[in-house]
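Owing to the predicted nature of the structure, the values given are computational and were not obtained by experimental measurement. Protein chains get the first letters and strands the later ones, always in sequence-line order, with residue 1 at the start of each.
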Amino acid sequence: MPRLTLPDGTHKEFSSPPTLAQVAAAIGAGLARSALAGKVDGRLMDLESVIDADAEVAIVTAATPEGLEILRHSTSHLMAQAVKELFPTAQVTIGPAVADGFYYDFDYERPFTPEDLTAIEARMEQLVAADLPIRRQVMDREAAIERFVAMGEHYKAEIIREIPADQEISLYGQGGFVDLCRGPHAPSTGRLKAFKLMRVAGAYWRGDSANKMLQRIYGTAFADKKALAAYLTFLEEAAKRDHRRLGKEMDLFSIQDEAGGGLVLWHPMGARIRQAIEDYWKQTHREAGYEFLFTPHMANLDLWRTSGHVDFYRESMFNPMTVDEQAYQIRPMNCPFHILVYRSRIRSHKDLPFRWAELGTVYRYELSGVLHGLFRVRGFTQDDAHIFCRENQIEEEISAILELTLQTLTTFGFKDFEINLSTRPAKSVGEDAIWDKATAALKGAIAERGLTFIEDVGGGAFYGPKIDVKILDAIGRKWQCSTIQLDFNLPERFDITYIGEDGARHRPIMIHRALMGSLERFFGILIEHYAGHFPLWLAPVQAMVLTITEAHNEWAIQVRDQLRDAGLRVETDLRNQKISYKIREHAMRRTPWLLIVGEREQAEGGVSPRDRHGKELGLVPLATMRERLLEEARTRAVGQ
RNA sequence: GCCGGCAUAGCUCAACUGGCAGAGCAACGGAUUUGUAAUCCGUAGGUUUGGGGUUCGAUUCCCCAUGCCGGCUCCA
């Protein structure tokens, strides 16, 4: 009789082979109610599956990521059932769980409307109330194909034909609805209690624009209504932080038709922030032993032939232009120029490493439909750098880059990171030995900092392994900005070398790296991370001097000028308005410090500061406040 | 690029099924000289994204264009 080992290490014996549902019931009534599926020796299975041998068993509930995924997957089937009942001629295709919910793609004669969604959702509620059991059934391949063809479900038939022969074909049925699916699924529709259909969108069959456009319905589902409500609140919060909205409201940047989509205009207030970012960037890079380069925005197309961009990157490049009957290309990357600088003279092993950085503006062709605020643009500035080093310098260089990356991201207020390491893909250039050595160096550099990483086996570029660092923002969203990539390809293509100790020519290793990635995109992320409430060192206006009446204008201007002379960004508001009016306005504009100046302040040579949380400090001498502001700016404090 | 939705004053949004295009904020002018999140009064602001069509009449209905928004390989 099966002896089962539970996750806590305890054992349970059964007199006859139990189903997973029975196992859950044996553990506890509460668990039986919340059980969605089970895990047997690490394999997810339906609750009704029978365990007939000793095994490690865990019951899966919606409290775990796996359980939530099952719940969402089952909800997508529930939606497909509702759609088939309401629109019988719609063909089902695929419907997986995704990051924040699920979707299902249908082939239907017309697009679904928002009204359709409401109707589908209502039908789903009915199906939940009916609490239909969800049953798995294994079927012979040919019979399954015949069955789906008979039902008019040609996509499903196509999918079955492509399933490897050694895999079993399983169907899931609930009520009159049957779908091809690997499973597992929740035991019944009654378990799907909290869901919402979000939107309709077009999506190509298999994501290929050569294929037919299907109708995709996105939805989300959670364990209970409370979690669903929390998610919807999160979406509202994200919308409030939308950098496109804040960018307009705070007059930071614009993107205008007259200039072109995806081309960013930085307004004065946005440019102040960018300057603060760039100043910091220059300072840290100087300290980290980098030199700076400036290179052109376009080059003879031949350069891009040599670099391989014409062959491998054409889709992302703008069309070349003709200059004196020669083709020129606006740059999508900076690296070829840096290589030309390297190659401009003979290099010795004693010169290496070179660390060359450039805030290089590049232009890439993106489909008009994918442009999105500052996040997806056609012209952007990379905080790019290229390191040329010897093989035995890789680890040290990577380690230093990682250090600089984390220092930079931390300074901008990001505390949580996820590091991904991508290794050699099937199709790639370079010898095994160098790949192994480089990959080991990357791992070593990560380990040295005591950090953990997620390995993406075979996920590297064809020209070298890489480390990507993702940041988590204030509301838990993940963004990838930093990337550190080894390149065994470009040095080869440009045939760059250095003279070694042995007097022979050797190939240097090239490292591409960007910490913020694109300044535009990073700026967008910062806006959303801080919801526009920039820390002092980034704030476009760090302090606003507010007068009580016109009688205090003179002192207000003196205050402003003294603080400006100290290097702070300070403005005055001398308008003939009540102080509460001015405070409200500048508080809403997210100015970190408001310095109130009236009779007493003028008489004593001070200001009455109010911080961004409305805290009043009382009358303080101007010099004291100046030092406090300078300290806050100098330390790049992100607290509060 | 493709699919769907949307486009009204600088901004946020109204205008029932086709019937005189409006409000708040912002701007500007005036009064008020004010102590910690909105002082009052007034003025101006529009080819309702652009073009075409249906209609006695179009912000509203239809077609085209442009832009924006949400999506477009997270695999049964």
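Note: A:Y108 and A:F112 have parallel aromatic rings, judged against thresholds of 30 and 60 degrees for the angle between ring planes. Ring pair A:H372/A:F375 is parallel by interplanar angle, where below 30° counts as parallel and above 60° as perpendicular. Between A:F523 and A:F534, the two ring planes are parallel [angle under 30°; tilted spans 30° to 60°].
Residue A:H77 places no side-chain N or O under 4.0 Å from the OP1 or OP2 atom of B:rA76. One finds a side-chain N or O of A:S368 lying less than 4.0 angstrom from the OP1 or OP2 phosphate oxygen of B:rG1.
Using a 4.0 Å heavy-atom distance criterion, A:E69 is classed as making no nucleic acid contact. Contacts of A:M198 with the nucleic acid, taken as non-hydrogen atoms under 4.0 Å apart, are absent. In this structure, A:R244 reaches the sugar-phosphate backbone alone: every heavy-atom distance under 4.0 Å involves primed, P, OP1 or OP2 atoms, never a base. If you check every strand for non-hydrogen atoms under 4.0 Å, A:A97 touches sugar and phosphate atoms only.
Distances from the side chain of A:I94 to the nucleotides B:rC72, B:rU36, B:rC75 place B:rC75 closest. Each of B:rG1, B:rA26, B:rU36 was ranked by its minimum atom distance to the side chain of A:Y581; first place goes to B:rA26. Of the listed nucleotides (B:rA37, B:rU36, B:rU39), B:rA37 has the atom at the smallest distance from the side chain of A:R584.
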